[in-house]
Undergrad: 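One structure, as structure tokens, below. Some questions next.
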Amino acid sequence: MTTPHWIFGDQLGPHFLTPAGDDGPGRGAPVVMIEARSVFRRRRFHRAKAHLVLSAMRHRAAELGGRVTYVRAETYREGLRRAVGGAPVTVCHPTSYAALRLVRSLPRVRVLPARGFLVAREEFAGWAEERGGRLLHEDFYRWVRREHDLLMEGDHPAGGRFDHDHANREPPPGGARRLDVPGPYRPREDDIDAEVRDDLDRWEREDGVCFVGRDGPRRFPATRREALSALRRFVRHRLASFGPYEDAVLAGDPVMSHSLLSSSLNLGLLHPAECVEGAERAWRQGAIPVNSAEGFVRQVAGWREYVWQLYWHFGEDYRHVNALGHTEELPEYFAGLDADAVTARCLATVLAQVRDTGWTHHIPRLMVLGSHALQRGWDPVAVTDWFHRCFVDGYDWVMLPNVVGMSQYADGGRMTTKPYTSGGAYLHRMSDLCGGCAYRPTERTGPRACPYTAGYWAFLHRHRRLLSGNARMRRAVQGLDRLGDLDEVLRQERRRAGEVP
């Protein structure tokens with residue numbers, strides 16, 4: 001009899017059940033799925049995230065029909081025992097250290113290679129060894145492009161260059177409140193969604209499970225069919241305008257031309273190959289400009305693959321690195337997504353987006369949420385956990401390198417070459433978030449002093465010794481000496497340290 005195959009809630013696409021000899025489940029193997037309530041009991045997840053994950057799992061179980069044994073249990077151990085007793089099972093390599101420890105601790109569970117990525121871990125290890133420890137994203141991205149023949153014309157990159165950032169960093173169109181682009185795919189809820197929502201209500205009411213954020217109509221795909229529809233709509237109607245404005249922010253248009261496919265990729269509903277191949281095909285057909293195709297390919301085949309590989313390459317101790325010595329606790333307004341308590345328009349707007357949807361795109365994540373946490377000196381472990389819990393596309397492998405390495409610079413430059421933080425001038429240039437704000441991006445002191453502008457200089461001063469040795473930060477650090485009001489800025493920021501901005 002074929003050995004049953006166990007799939008986790010982020011392994012929901014057909015490619016996790018494709019037979020592949022000793023590296024895959026058996027053909028037609030029975031499937032085991034376990035819904036473990038302890039996952040939600042231990043931590044305070046965003047309600048929309050909990051709804052999406054459970055909806056996606058239950059939809060997948062409905063698709064598999066009699067092939068699946070679906071168990072709702074308190075823990076994974078209990079669920080597996082109820083599903084198969086002591087019989088052997090296979091499982092594709094999980095996406096977190098905790099899940100990997102679990103499956104390796106269970107008797108008669110055989111772990112198969114990871115799926116859902118373009119680059120095998122063994123291939124990355126070989127590349128990393130050749131690089132001698134110099135693991136820059138740009139080098140990795142070019143290697144992936146060449147190895148997978150993505151956006152290449154023979155030996156040369158499409159459009160004559162690998163990097164089209166020069167065309168992909170436009171501020172939002174002047175005076176525009178929204179981009180003139182068709183909206184993203186929106187799924188329709190069904191009886192399974194209603195059942196999940198009823199269960200979450202009961203858990204909160206009777207079982208002591210707590211969530212954060214709001215759970216409105218589901219905004220993200222929960223099935224393979226929905227995910228493919230979302231991909232097609234993005235490529236056909238939205239990708240052309242994605243490139244130029246991928247780093248821009250509009251308060252009234254949080255989605256802009258972004259794909260909203262990250263949650264589908266991270267649930268395993270889509271494979272990255274079909275996403276990047278779809279973008280390349282649209283470019284070759286003349287439907288989209290090369291810079292937009294490249295910007296999307298960079299996100300999926302470049303950054304996503306890079307983060308996945310670094311998660312495993314750096315090891316589990318990476319989550320505890322803290323080169324800047326930041327230890328402040330997350331304040332309740334941030335932890336609880338209390339956007340209404342915040343005066344700074346940029347932070348209030350983005351917190352509200354996270355509260356209402358469990359999502360915002362990469363620039364608000366990095367330059368509003370992450371930058372604020374970095375300037376305030378919050379504990380990077382707590383910041384990582386917050387991003388993991390509060391975003392519908394957040395998983396341990398996603399958020400650990402993104403937050404610890406890039407956003408919070410807690411590894412001291414092992415992953416990125418500089419801290420990603422700025423004063424209010426950057427946000428003013430790349431967004432409309434400063435308009436109507438009580439603060440002014442050009443002011444460092446006084447009642448209208450921008451928390452980001454003053455916070456930026458206070459951050460540079462606090463870490464002056466470390467950052468002065470960074471070639472990309474040296475000029476910014478030297479700028480401290482030109483501030484005639486630096487002492488006043490520092491006194492002010494010490495007073496405001498415990499205040500809501």
Side-chain angles (χ1 to χ4, degrees), residues 95 116-152 157-159 161-169 242-243 246-247 258-259 261-262 265-266 272-273 275-276 279 290-315 318-319 321 323 361-363 365-367 370-371 374 380 384 387 393 395-422 470-473:
T95 61
F117 296 90
L118 296 173
V119 179
R121 288 178 57 193
E122 296 78 12
E123 294 172 340
F124 177 83
W127 175 81
E129 185 175 358
E130 290 178 1
R131 303 301 300 172
R134 187 175 181 270
L135 307 180
L136 295 181
H137 170 257
E138 186 63 29
D139 295 340
F140 172 78
Y141 172 60
R142 295 183 181 205
W143 175 72
V144 172
R145 289 268 300 272
R146 291 190 178 102
E147 288 292 306
H148 290 264
D149 195 26
L150 286 171
L151 285 180
M152 299 294 293
R161 56 193 303 165
F162 283 99
D163 182 345
H164 287 265
D165 278 355
H166 67 288
N168 287 352
R169 290 179 175 171
F242 168 70
E246 64 175 294
D247 284 1
H258 289 267
S259 72
L261 296 176
S262 55
L265 281 161
N266 295 349
C275 295
V276 295
V290 67
N291 62 298
S292 285
E294 190 276 322
F296 181 64
V297 168
R298 178 179 289 269
Q299 285 191 337
V300 177
W303 191 255
R304 184 176 186 269
E305 294 286 323
Y306 182 65
V307 165
W308 164 255
Q309 297 293 346
L310 291 188
Y311 176 81
W312 298 104
H313 183 78
F314 285 160
Y318 185 74
R319 75 178 64 248
V321 297
H361 76 75
H362 66 281
I363 292 300
R365 296 189 199 203
L366 183 65
M367 300 308 295
S371 178
L374 180 64
T384 302
F387 272 95
D393 55 6
Y395 292 85
D396 195 51
W397 73 267
V398 176
M399 293 307 182
L400 186 60
N402 266 308
V403 178
V404 169
M406 187 176 194
S407 170
Q408 299 304 294
Y409 200 67
D411 65 359
R414 191 174 177 188
M415 180 178 174
T416 62
T417 55
K418 59 167 283 187
Y420 280 86
T421 187
S422 73
N470 184 311
R472 295 190 65 191
M473 294 298 297

Undergrad: On the 0 to 90° scale, with breaks at 30° and 60°, tag the Trp308-Phe117 ring pair as parallel, tilted or perpendicular.
TA: parallel

Undergrad: With rounding to the nearest 0.5 Å, note down the distance linking CG in Leu261 to SG in Cys275.
TA: 5.5 Å

Undergrad: Taking only residues at least two apart or on different chains, which pairs with a member in residues 395-418 satisfy salt bridge (charged side-chain N to carboxylate O under 4.0 Å, His left out)?
TA: Arg319-Asp396

Undergrad: Testing the basics here: between Gly302 and Phe140, what is the closest heavy-atom pair and its distance to 0.1 Å?
TA: O-CE2, 3.6 Å

Undergrad: For a quick test of reading the model, state the closest non-hydrogen atom pair linking Ser371 to Ser422 and the distance between them.
TA: OG-N, 3.7 Å

Undergrad: Which value, rounded to the nearest 0.5 Å, describes the distance between His148 atom NE2 and Glu305 atom CD?
TA: 7.0 Å

Undergrad: What's the shortest heavy-atom distance between Arg304 and Leu265, and which atoms?
TA: NH2-O, 3.2 Å

Undergrad: Without hydrogens or angle criteria, can the side chains of Asn266 and Trp397 be said to hold a donor-acceptor pair below 3.5 Å?
TA: no

Undergrad: Do Asn168 and Asn291 have side-chain N/O donor and acceptor atoms under 3.5 Å apart?
TA: yes

Undergrad: Please report the closest heavy-atom contact between Asn402 and Trp303, naming both atoms and the distance.
TA: OD1-NE1, 2.8 Å

Undergrad: Can you name the nearest heavy-atom pair linking Pro401 to Met415, along with the distance?
TA: O-SD, 3.2 Å

Undergrad: Taking only distance into account, with no hydrogens and no angle test, what donor-acceptor pairs under 3.5 Å do side-chain atoms of residues 122-129 form with protein atoms, sequence neighbours excluded?
TA:
from, atom 1, to, atom 2, distance (Å)
Glu123, OE1, Ala120, N, 3.1

Undergrad: Quick one: pull up CZ in Phe387 and CG in Leu400 and give me the separation to the nearest 0.5 Å.
TA: 13.0 Å

Undergrad: What are the two closest heavy atoms between Glu138 and Phe162, and how far apart are they?
TA: OE2-CB, 4.2 Å

Undergrad: With no hydrogens and no angle check, is any side-chain donor or acceptor of Glu294 less than 3.5 Å from a backbone partner on His164?
TA: yes

Undergrad: Are more than 12 heavy atoms from other residues, nucleotides or ligands located less than 6.0 Å from atom CZ of Arg169?
TA: no

Undergrad: Can you tell me how far apart CZ (Arg161) and NE2 (His166) are? Round to the nearest 0.5 Å.
TA: 4.5 Å

